[in-house]
Amino acid sequence: MGSRTVGRGGRSLGGGLVVAVAGCLAGALTACGAGGGDGAVKPTASGAGAGASSAVAARGGTIGAPGSACRLPVTFALAKNWKPESTVPDSTGSTSSTGSTGSTGSAAPDDDLAAEIADALLHQGPVTAVCEVDAKPAGHIGFLRVWTGEPGAADARSVLASFVGAEKGAAHATYRTFTTGGLSGTEVEYRVTSEILEETKTERALAVTTPDGPVVVHLGGLDDEEHRAMLPAYELAKSTLRVTAH
């Protein structure tokens, strides 16, 4: 599998992760990352939220169950032509073998640093990225990403607030509650400003808690236009969300 760019919005966290991060080392690292928020988010009271969408995309496959592309604590339907891929490292703990040097096969120092950065990018607040669903086969630039955490006492709102608070440049968050398939959760719409690109765009996410820990489903996008175009896929995921049967 070839290298893919690491990052938020319209860029991938999966396939060729270490190689892609190593490429970022030659430029501004802050343009590649998502974490490291400084608590700049100012959440507002729960409510209907501006720009909420009710349109639902045509249904394609389903992920979350054993045997699917991503095994998750929840299952949900994917929009037609959206392609899922696990972002969980393989059994060796590596996403790429590129960069080994010498007869011992040990990784070069730059690759070790890239691996550390890649690991950091896969964590945001209390959750870790485990799956991304690529919208490009459906004609859009963006991803629906799934993040999971360890079981604990935190409720969905707290998990989601920590997730948004860990994203650099995030602000103007509006939270609201929802119910679906016997699950009660919280979703958020917020704005993210990139200092590098000097652009601001909308992102949204939802969180639910399960016996296997919290789950966050996040929708970014290259820009606001792409984000709006992908909202029906997000709404489909939310409306079909169920706890995975054991």
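Only heavy atoms go into these numbers, but all of them, side chains included; no hydrogens, no water, no symmetry mates. Count residues from 1 along the sequence.
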Testing the basics here: between [X] and [Y], what is the closest heavy-atom pair and its distance to 0.1 Å?
X      : Y      : value
Val208 : Gly185 : CG1-CA, 4.0 Å
Ala135 : Met230 : CB-SD, 3.6 Å
Pro73  : Asp212 : CB-CB, 4.0 Å
Val243 : Pro211 : CG1-CD, 4.5 Å
Gly125 : Ala166 : N-CB, 3.4 Å
Ser68  : Ala65  : OG-O, 2.6 Å

[atom2] on [Y] to [atom1] on [X], rounded to 0.5 Å:
X      : Y      : atom1 : atom2 : answer
Thr179 : Lys238 : OG1   : NZ    : 9.5 Å
Glu132 : Lys83  : CD    : NZ    : 10.5 Å
Trp147 : Leu160 : CH2   : CG    : 12.5 Å
Phe178 : Leu183 : CZ    : CG    : 7.5 Å
Ile141 : His227 : CD1   : NE2   : 15.0 Å
Glu85  : Asp134 : CD    : CG    : 8.5 Å

Check whether any side-chain N or O of [X] sits under 3.5 Å from a backbone N or O of [Y] as a donor-acceptor pair, and report yes or no.
X      : Y      : value
Ser162 : Pro126 : no
Thr180 : Ser239 : yes
Thr244 : Leu72  : yes
His172 : Tyr190 : no
Ser86  : Cys131 : no
Thr75  : Ile63  : no
Glu226 : Gly221 : no

Side chains of [X] and [Y]: closer than 4.5 Å at any heavy-atom pair?
X      : Y      : value
Lys136 : Phe143 : yes
Phe163 : Val188 : no
Glu203 : Glu167 : yes
Leu206 : Leu241 : yes
Thr240 : Arg59  : yes

Side chains of residues 148-156: which donor-acceptor partners sit under 3.5 Å, not counting sequence neighbours?
from	atom 1	to	atom 2	distance (Å)
Asp155	OD1	Arg157	N	3.4
Asp155	OD1	Ser158	N	2.8
Asp155	OD1	Ser158	OG	2.7

Under the salt bridge (charged side-chain N to carboxylate O under 4.0 Å, His left out) test against Asp224, which residue among Arg204, Arg191, Lys201 passes?
Arg191

Apply side-chain contact (heavy atoms from CB on, under 4.5 Å) to residues Val215 and Phe76 and explain how you reach the verdict.
CA-CA 12 Å; Val215 177; Phe76 59 87; over 6 Å; no

Is the Trp82 ring parallel, tilted or perpendicular to the His140 ring (thresholds 30°, 60°)?
tilted

